[in-house]
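For clarity, every value in this text was computed on a predicted model and none was experimentally measured. Just so you know, these numbers use all the heavy atoms, side chains as well, and skip hydrogens, waters and symmetry mates.
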Amino acid sequence: MPNNHPIPEEAVKNIKDRDSLLHFLREHLDWQLPDDPIIEEATFLWDVEDLRLSDSTAQRLQDGTVYQLRPMVEDQPWGIFLIEFNSDRVYKTDLRNVLRGLVPKRRRDSGLP
């Protein structure tokens, strides 16, 4: 059950990477994650082949991967994805390509939200 306390602005500003995001979700949104969650244990990994990305889009993704947080409740109808790019610039076309790769009919496991 999420807490009903306001989230301190500083807590949001402290989200700088995957680990700090997982910490934020656990500490401020009461997500059921281990004390020291490891990204690989808390997510599903989508790689370039799974998403059918072009070489140019793949090269812009950090490590050529996208992470999907595992569902927090049974039958969760939506997914949360971590997409990190190699630069501060995000190209809409690349983001669109990643999102297309996540369409259920094209995924390796259509049971994932």
Side-chain angles (χ1 to χ4, degrees):
M1 180 92 163
N3 65 41
N4 293 322
H5 304 292
I7 297 170
E9 185 177 333
E10 193 64 30
V12 175
K13 288 181 179 180
N14 285 334
I15 300 171
K16 304 290 184 201
D17 55 22
R18 295 177 221 159
D19 291 334
S20 59
L21 173 64
L22 293 178
H23 177 78
F24 174 84
L25 294 174
R26 182 181 181 281
E27 296 299 320
H28 296 284
L29 298 182
D30 294 332
W31 284 33
Q32 299 299 307
L33 293 168
D35 288 341
D36 291 315
I38 299 170
I39 192 73
E40 291 78 13
E41 294 175 356
T43 62
F44 299 109
L45 182 68
W46 296 87
D47 63 25
V48 173
E49 290 80 28
D50 294 329
L51 299 170
R52 298 180 177 93
L53 299 177
S54 68
D55 288 340
S56 62
T57 297
Q59 290 173 1
R60 289 190 184 105
L61 285 179
Q62 188 172 29
D63 301 325
T65 58
V66 171
Y67 295 92
Q68 178 183 1
L69 287 173
R70 293 181 183 273
M72 296 295 128
V73 296
E74 191 172 331
D75 296 325
Q76 180 174 305
W78 40 268
I80 298 175
F81 299 86
L82 306 175
I83 303 171
E84 295 178 283
F85 292 94
N86 288 320
S87 73
D88 290 339
R89 183 171 169 94
V90 175
Y91 295 89
K92 290 179 191 176
T93 303
D94 293 333
L95 191 53
R96 233 181 258 118
N97 290 336
V98 169
L99 294 174
R100 270 192 208 108
L102 294 168
V103 173
K105 69 180 180 181
R106 296 183 61 192
R107 290 194 305 229
R108 65 171 182 242
D109 182 352
S110 61
L112 292 174

Kindly say whether [Y] contributes a backbone atom to a donor-acceptor pair with the side chain of [X] at under 3.5 angstrom?
X   : Y   : value
D63 : T65 : no
N86 : L61 : yes
T57 : L53 : no

Once rounded to the nearest 0.5 Å, what's the spacing between atom [atom1] of [X] and atom [atom2] of [Y]?
X   : Y   : atom1 : atom2 : answer
R60 : R89 : CZ    : CZ    : 8.5 Å
Y67 : L22 : OH    : CG    : 10.5 Å
I15 : H28 : CD1   : NE2   : 8.0 Å
N97 : T93 : CG    : OG1   : 6.5 Å
Q68 : L82 : CD    : CG    : 9.5 Å
L69 : L21 : CG    : CG    : 6.5 Å

[Y] reachable from [X] in the ILVMFWY side-chain graph, under 4.5 Å edges:
X   : Y   : result
L45 : L25 : yes
V90 : V66 : yes
F81 : V98 : yes

- Does the side chain of D50 reach to within under 4.5 Å of the side chain of F44, using non-hydrogen atoms? no
- Message: Any non-hydrogen side-chain atom of L29 less than 4.5 Å from a side-chain atom of I7?
- Response: yes
- Query: K13: what forms a side-chain hydrogen bond (donor to acceptor under 3.5 Å, both in side chains) with it, not counting sequence neighbours?
  - Reply: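 So K13 forms a side-chain hydrogen bond (donor to acceptor under 3.5 Å, both in side chains) with E9.
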